[in-house]
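Letters A, B, ... mirror the listed sequences (proteins, then strands); counts begin at 1.
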2 protein chains.
Amino acid sequence: MKLQQLRYIAEVVNHNLNVSATAENLYTSQPGISKQVRMLEDELGIQIFGRSGKHLTHVTPAGEQVIKIANDILGKVESIKKVAEEYTKPDQGELNIATTDTQARYALPQIIRQFIERYPKVNLHMHQGTPSQISEAAARGDADFAIATEAMHLYSDLIMLPCYHWNRSVVVSRDHPLASRSQISIEELARFPLVTYVFGFDKASEIERGFHGAGLEPRVVFSATSADVLKTYVRLGLGVGVIASMAIDPVIDKDLVAIDASHLFAHSTTKIGFRKGSFLRSYMYDFIERFAPHLTRDVVEKAVALRDAQLIEQMFADVELPLR
Amino acid sequence: MKLQQLRYIAEVVNHNLNVSATAENLYTSQPGISKQVRMLEDELGIQIFGRSGKHLTHVTPAGEQVIKIANDILGKVESIKKVAEEYTKPDQGELNIATTDTQARYALPQIIRQFIERYPKVNLHMHQGTPSQISEAAARGDADFAIATEAMHLYSDLIMLPCYHWNRSVVVSRDHPLASRSQISIEELARFPLVTYVFGFDKASEIERGFHGAGLEPRVVFSATSADVLKTYVRLGLGVGVIASMAIDPVIDKDLVAIDASHLFAHSTTKIGFRKGSFLRSYMYDFIERFAPHLTRDVVEKAVALRDAQLIEQMFADVELPLR
DNA sequence: GCCAGTTACGAACCTCGTAACCATC
DNA sequence: GATGGTTACGAGGTTCGTAACTGGC
């Protein structure tokens with residue numbers, strides 16, 4: 001058994017069992033992978049992939065288990081490399097952050113500015129995507145951190161730590177009937193067409209819950225994943241915006257009126273997640289603490305030791321999180 | 001980085017940094033290992049081993065971390081092999097049990113007889129040793145199971161599950177003054193020279209505690225690790241034996257008198273332990289359940305998911321364990 | 001001077017890439 | 001016929017063992 005073989009089977013799975021595509025992605029030849037995969041199967045005496053003729057059609061049950069462990073191994077190999085780099089290049093390395101538009105645009109810039117000032121030799125890469133893409137990137141090891149609000153709980157391979165609560169605001173243009181109001185009821189809001197985040201995406205569910213709790217059905221005429229896009233359509237008069245309060249910039253958005261809606265919808269919690277068993281560089285701990293000051297290295301290490309999502313939730317049950 | 005290199009560094013550590021001995025043990029050449037170790041160090045850019053001249057003197061801090069992860073990886077490589085064997089040879093394989101004399105001699109024979117009858121193709125190997133040797137064998141992966149009463153908690157890499165409680169008996173020859181007594185007090189016992197397990201070994205501490213609790217100091221004139229040895233010296237009239245009740249055979253030991261001492265010393269708990277993250281073959285689950293019927297596969301899997309020793313202890317807090 | 005690790009070198013083996021071939025859609 | 005996997009084969013590199021060498025105790 002070779003590490004290379006484990007890499008190959010893991011990557012073949014990541015490429016939907018397409019060996020040619022895998023080869024291209026790994027800058028190697030297709031026959032090479034094909035052969036190593038079969039050699040591993042021969043050595044183990046089992047089929048990892050089911051085949052119809054020459055095509056790989058599915059992963060066998062035995063294969064599922066093997067691939068799961070192979071991914072653990074490959075993650076730990078990366079950990080060894082990171083341990084070494086921690087000694088050879090203390091303040092140098094990569095930091096891959098997978099997150100949503102809103103976080104990247106409104107929550108992270110301050111932190112990242114400070115961070116790159118402190119760690120000029122750390123190369124920072126941002127990966128944007130849907131919450132599930134984000135979580136998967138972290139679970140696969142493509143990203144060091146996943147920062148998002150929802151869907152993260154679906155990946156049991158991730159350690160997730162709560163960072164902060166946030167609320168929504170209703171946003172309208174200055175000439176809108178609601179513009180003069182300082183407070184709005186859910187019934188009033190329900191009369192207007194809404195412009196808000198894509199349902200099922202990041203942060204929609206609390207909005208739905210807010211309306212349903214009052215026996216109302218929201219009328220969403222336009223939805224998108226990015227607050228900037230939403231604001232643009234609010235400006236066009238398409239409807240009333242319901243967006244994260246932190247996504248309202250007093251300068252840029254001075255042509256809009258924002259009305260706090262924290263009494264209409266329950267707050268959401270943004271979390272930071274990373275792969276279980278992965279080694280965190282010192283600067284990664286530092287990043288976490290800059291992003292969420294209550295998540296000191298000690299706290300993070302304690303949470304890592306717990307490993308279980310429910311236990312970690314309990315650990316933070318009585319911690320007062322910041323509100324943004 | 002090659003798996004072979006990880007194997008080498010792990011084995012060099014297991015052989016007290018003696019490369020020649022490692023090479024011999026792995027049936028390979030000393031220069032081969034030496035070279036691969038340095039190649040790995042070069043690749044990682046760190047020293048794993050500290051050297052004075054040509055001798056390896058110690059493991060560096062970075063090395064400690066790397067070796068820890070390397071062992072995880074090697075354990076998972078074994079898991080992959082076991083997964084494969086679970087499919088290719090369902091009722092076939094190896095079972096390595098590390099345990100103490102007493103368990104091997106009195107607790108296990110029944111179970112093992114049944115087990116080899118059910119699984120004739122499983123090769124069973126028993127490794128005897130002190131509790132710490134036993135735990136280490138399991139933690140290193142040399143043994144699948146560690147079965148012992150003490151010292152197992154020192155190894156955080158092990159999952160330990162409680163199997164049964166047991167008590168001690170006072171054992172004397174038929175002509176001894178105590179032979180006619182049906183019950184003994186701690187004060188009476190303190191008047192006689194004792195023959196019992198080596199202190200610090202398996203099961204001594206509860207005996208010490210029993211005496212100290214009454215403000216007494218036991219006078220141990222002879223100690224050994226094996227109940228059979230102890231009984232032999234009781235027969236010679238060297239002293240009064242205090243041994244595990246299960247180590248008294250009504251037939252073989254009919255020349256001795258055993259008096260229950262469960263009211264003098266708190267019971268001990270025998271545990272079964274195995275390495276965290278290791279894959280357990282079906283027959284291994286079966287073995288556990290035969291040895292401790294409350295440890296069904298479900299229960300074991302739940303405990304494995306908890307991972308933490310304290311949490312596992314809580315899990316069994318209200319379980320009534322059998323008494324032997 | 002002995003023990004233990006390093007350097008040097010050659011044989012055997014393995015990995016990988018190219019090219020030709022073949023199965024499935 | 002296009003896509004994708006297997007077989008065949010040769011070049012290049014890697015690993016491993018033997019042998020000679022060298023630094024500590």
Nearest whole Å is fine: how far is D/dT15 P from B/L26 CG?
16 Å

Separation of atom CZ in A/R51 from atom C1' in C/dC25, rounded to whole Å:
18 Å

Applying side-chain hydrogen bond (donor to acceptor under 3.5 Å, both in side chains), name anything that partners A/H125, two or more places apart in sequence or on another chain.
A/E94

Please enumerate all residues that pass side chain to side chain contact (heavy atoms under 4.5 Å, CB included) together with B/N71, with sequence neighbours excluded.
B/A10, B/I67, B/L74, B/R275

Rounded to the Å, how far apart are B/L3 CG and D/dT15 P?
12 Å

Sub-4.0 Å heavy-atom contacts from residues 15-22 of chain A onto DNA chain D, ordered by number
A/L17, A/N18, A/V19, A/S20

Output all residues satisfying side-chain hydrogen bond (donor to acceptor under 3.5 Å, both in side chains) with A/R297, sequence neighbours left out; order by chain, then residue number.
A/E301

OP1, OP2 of D/dT14 versus side-chain N and O of B/Q36: anything below 4.0 Å?
no

Between CD of B/E41 and C1' of C/dG5 the distance, given in whole Å, is 13 Å

Distance-only criterion, 3.5 Å: show the donor-acceptor pairs between side-chain atoms of residues 21-30 of chain B and protein atoms not counting sequence neighbours.
unit_1	atom_1	unit_2	atom_2	d
B/T22	OG1	B/N18	O	2.6
B/S29	OG	B/G32	N	3.2

Anything under 3.5 Å between a protein N or O and an N or O of nucleotides 9-13 of chain C, put it in a table, one pair a line.
none

What residues form a side-chain hydrogen bond (donor to acceptor under 3.5 Å, both in side chains) with A/Q128, not counting sequence neighbours?
A/D101

For A/N96, side-chain hydrogen bond (donor to acceptor under 3.5 Å, both in side chains) partners two or more places apart
A/H127

Please work out if A/Y8 contacts a base, only the sugar-phosphate, or nothing of the nucleic acid, heavy-atom cut-off 4.0 Å.
sugar-phosphate

Partners passing side chain to side chain contact (heavy atoms under 4.5 Å, CB included) against A/R51 (at least two apart in sequence or in another chain)
A/V37, A/R38, A/E41, A/Q47, A/F49, A/L56

Which one, D/dT15, C/dG17, C/dT7, comes nearest to the side chain of B/R38?
C/dT7

Measure CG/B/N25 against P/C/dA4 and give the value in whole Å, please.
15 Å

The criterion is ring-ring contact (aromatic ring centres under 6.0 Å, His included); which residues satisfy it with B/F287, sequence neighbours excluded?
B/F115, B/F145

Considering residues at least two apart in sequence or located in another chain, which fulfil the ring-ring contact (aromatic ring centres under 6.0 Å, His included) criterion with A/Y285?
none

Heavy-atom nearest pair, B/A84 first then A/I46, reads O-CG2, 3.7 Å

Neighbour count >12 (heavy atoms, 6.0 Å) for atom NZ, A/K81
yes

What does nucleotides 18-25 of chain D look like as a protein-contact string, B for base, S for sugar-phosphate only, - for none, at under 4.0 angstrom between heavy atoms?
BB--BSSS

In this structure, how many angstroms lie between the P atom of C/dA4 and the CZ atom of B/F49, rounded?
16 Å

Whole angstroms only, please: what is the CD-P distance between A/Q4 and D/dG13?
16 Å

What is the distance, to the nearest angstrom, from the CD1 atom on A/I33 to the C1' atom on D/dG5?
12 Å

